[in-house]
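Working notes for the structure below.
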There are 2 protein chains.
Amino acid sequence: MSKPTTRKPRTDAERNRGRVLEVACELFAERGDEVQMAEVAKAAGVGVGTVYRHFPTRQALIEAVTEQRFAEILAYARTACLPNPDTRQALTCFLTRIGEVHDEGRGVSSAIEAALGSTEPRGEVGTDLLALGETLLDRGRADGTLRADVKVADLYMIAGAVAAISRDAIGDWRRFIDIALDGLRPR
Amino acid sequence: MSKPTTRKPRTDAERNRGRVLEVACELFAERGDEVQMAEVAKAAGVGVGTVYRHFPTRQALIEAVTEQRFAEILAYARTACLPNPDTRQALTCFLTRIGEVHDEGRGVSSAIEAALGSTEPRGEVGTDLLALGETLLDRGRADGTLRADVKVADLYMIAGAVAAISRDAIGDWRRFIDIALDGLRPR
DNA sequence: GACGGATTCGGAATCCGATTCCGCTTAGAG
DNA sequence: CTCTAAGCGGAATCGGATTCCGAATCCGTC
């Protein structure tokens, strides 16, 4: 049960997949989810069929793009948030990034927060994000910034909320971040 | 500029509009947004054209249904939440209702939270909801349950978040309500 | 109570975009 | 260099929203 599932893809096929994904990321960032499959294909210099070969569904493509966003956020969190010794600031920084991602390219948003919140994340990016969250929360619990019973699920639920709020312009998400984090402090 | 905009609608037209809206509410509640315009038409016993006459767009129909939901929530809030002397409980009750609406008939959700959060609500239902929120917040500020600087916008931002979280099953929205409300307490 | 025009209705036709299909190409193993 | 399966392109198909317009209804008028 190891051969049939693992036939190495042709080199150019892989390159095409890369092109498509890259282009899709840009387009979705620019114009949100009004982007059409045909556009992506043209912009990537391939036929629709090729797009569909690599991403069997529009939804699948969107999920792939979303994973890219996650990767970016993860990278940002590691370099910009984690090092901040003030746990509260680190968390704010992390959540703020999520809001910003939606503010600029309002990309693929609908999928983002749904995935953000799920505790069973796709791929290692998700796993790493969870781990990173756990780290931050541990720190917070240790230095008394956070309640002892705060869970990663809580953090990502809040992350999902930030995503939704910023996506739909429901309100001032920066303010929301403050409120939510206040809600995690020890009573 | 008052005549051309106000030609009274034909009686049966109004009845049809009512039927359509009613049926749409039920269908959306049952099967979420996979419901098709043609289905609504058939279920209401009219042609598609008629549906479109009253709701020029699928989106418009959804918004109308959403307003119904708001009305229900408003009614519930007035009778079940407002009377509760404990402000915190009243707020919890209100927000919980929003989560429940999504849990049962997972209706029209996408639109709901977007509208919930906007500070410029459609129709009087929206206005009344804002007013009711203001009342609750005043009470909370007065009895020291809430920070002095809490705004209605905050409450509805949280409401929007609850809607999003419950809609996409991002996490335990009941827990989220607790966290968010804790975030509104005086420091 | 019948009449006439404006308003509505019904549902076939149209439009649009996602997805499928399949003959043609090309990478790359032997 | 040859042969074959993996990939490619893009026309055709499908599904569902939206438009169009002749037929059917209302309703104020006579």
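Predicted model, so just to flag it, every value in this text is computed and none were measured. Atom set for the values below is all heavy atoms of this structure, side chains included, hydrogens, waters and symmetry mates excluded. The chains referred to below are lettered A, B, ... by the order of the sequence lines, with proteins before strands, and numbering in each begins at 1.
When atom types are taken as modelled, the side chain of A:Glu39 and the backbone of A:Gln36 share a donor-acceptor pair closer than 3.5 angstrom.
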Worksheet entry | CA sep, side-chain torsions, deciding dist, call: A:Leu181, A:Leu95, side chain to side chain contact (heavy atoms under 4.5 Å, CB included) | CA-CA 10 Å; A:Leu181 290 183; A:Leu95 293 173; 4.1 Å; yes
Fill in: Trace of the side-chain hydrogen bond (donor to acceptor under 3.5 Å, both in side chains) decision for B:Thr87 with B:Asp143
CA-CA 8 Å; B:Thr87 306; B:Asp143 64 25; 2.9 Å; yes
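Chain B approaches DNA chain D over the interval D:dG16 to D:dC27, counting the first and last nucleotide 5' to 3' with an atom under 4.0 Å from its heavy atoms.
Here A:Ala24 pairs with A:Phe28, A:Val40, A:Leu61, A:Val65 under the side-chain contact (heavy atoms from CB on, under 4.5 Å) rule; sequence neighbours left out. Not counting sequence neighbours, B:Thr96 has no partner by the side chain to side chain donor-acceptor pair (under 3.5 Å) test. Remark: B:Gln89 pairs with B:Asn84, B:Asp86 by the side-chain contact (heavy atoms from CB on, under 4.5 Å) rule, at least two apart or across chains. Scanning for side-chain contact (heavy atoms from CB on, under 4.5 Å) contacts around A:Asp178 gives A:Arg88, with sequence neighbours left out.
In this structure, B:Gly49 and A:Gly49 both approach DNA chain C, and ranking their closest nucleotides by distance from the 5' end singles out B:Gly49. Taking the nucleotide of DNA chain D with the nearest heavy atom to each of B:Arg15 and A:Val48, the more 5' of the two is matched to A:Val48.
Within 4.0 Å of B:Arg53, counting heavy atoms only, lies at least one base atom of the nucleic acid.
Proximity of B:Thr50 to the phosphate of C:dT8: no side-chain N or O atom is located under 4.0 Å from OP1 or OP2. One finds no side-chain N or O of B:Asn16 lying less than 4.0 angstrom from the OP1 or OP2 phosphate oxygen of C:dT8. In this model, the phosphate group of C:dC9 is approached by a side-chain N or O of B:His54 to a distance below 4.0 Å at OP1 or OP2.
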Result block: side-chain N/O donor-acceptor pairs under 3.5 angstrom for residues 147-154 of chain A, not counting sequence neighbours:
{"from": "A:Arg147", "atom 1": "NH2", "to": "A:Gly183", "atom 2": "O", "distance (Å)": "2.9"}
{"from": "A:Arg147", "atom 1": "NH2", "to": "B:Asp182", "atom 2": "OD2", "distance (Å)": "2.1"}
{"from": "A:Asp154", "atom 1": "OD1", "to": "B:Arg175", "atom 2": "NE", "distance (Å)": "2.6"}
{"from": "A:Asp154", "atom 1": "OD2", "to": "A:Lys151", "atom 2": "N", "distance (Å)": "2.9"}
{"from": "A:Asp154", "atom 1": "OD2", "to": "B:Arg175", "atom 2": "NE", "distance (Å)": "3.1"}
{"from": "A:Asp154", "atom 1": "OD2", "to": "B:Arg175", "atom 2": "NH2", "distance (Å)": "2.4"}

Exercise answer: donor-acceptor pairs, residues 41-58 of chain A side-chain atoms, under 3.5 Å, sequence neighbours excluded:
{"from": "A:His54", "atom 1": "NE2", "to": "A:Ala13", "atom 2": "O", "distance (Å)": "3.4"}
{"from": "A:Arg58", "atom 1": "NH1", "to": "A:Val35", "atom 2": "O", "distance (Å)": "2.7"}
{"from": "A:Arg58", "atom 1": "NH2", "to": "A:Asp33", "atom 2": "O", "distance (Å)": "2.5"}
{"from": "A:Arg58", "atom 1": "NH2", "to": "A:Val35", "atom 2": "O", "distance (Å)": "3.4"}

List the atom pairs, with distances to 0.1 Å, where a side-chain N or O of residues 73-81 of chain A and a protein N or O form a donor-acceptor pair under 3.5 Å, not counting sequence neighbours.
{"from": "A:Arg78", "atom 1": "NH2", "to": "A:Asp128", "atom 2": "OD2", "distance (Å)": "3.3"}
{"from": "A:Thr79", "atom 1": "OG1", "to": "A:Ala75", "atom 2": "O", "distance (Å)": "3.2"}
{"from": "A:Thr79", "atom 1": "OG1", "to": "A:Tyr76", "atom 2": "O", "distance (Å)": "3.3"}

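Near DNA chain C, meaning a heavy atom under 4.0 Å away, the residues from residues 36-44 of chain A are A:Gln36, A:Met37. Within residues 18-26 of chain B, no residue has a heavy atom under 4.0 Å from DNA chain C.
Under a 4.0 Å N-O distance rule, the pair A:Arg97/A:Glu72 does not qualify as a salt bridge. A salt bridge links A:Glu134 with A:Arg141: at least one charged nitrogen is closer than 4.0 Å to a carboxylate oxygen.
The salt bridge (Lys or Arg N to Asp or Glu O under 4.0 Å) contacts involving residues 11-20 of chain B comprise B:Arg10-B:Asp12, where partners must be two or more places apart or lie in separate chains.
If you take CD of B:Glu14 and C1' of C:dT7, they are 13 Å apart, rounded to a whole angstrom. Put simply, OH on A:Tyr52 is 12 Å from P on C:dG17, counting in whole angstrom units.
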Each nucleotide N or O in nucleotides 23-26 of chain C that has a protein N or O under 3.5 Å away: list the pair and distance.
{"from": "C:dT26", "atom 1": "O2", "to": "A:Arg10", "atom 2": "NH1", "distance (Å)": "3.4"}

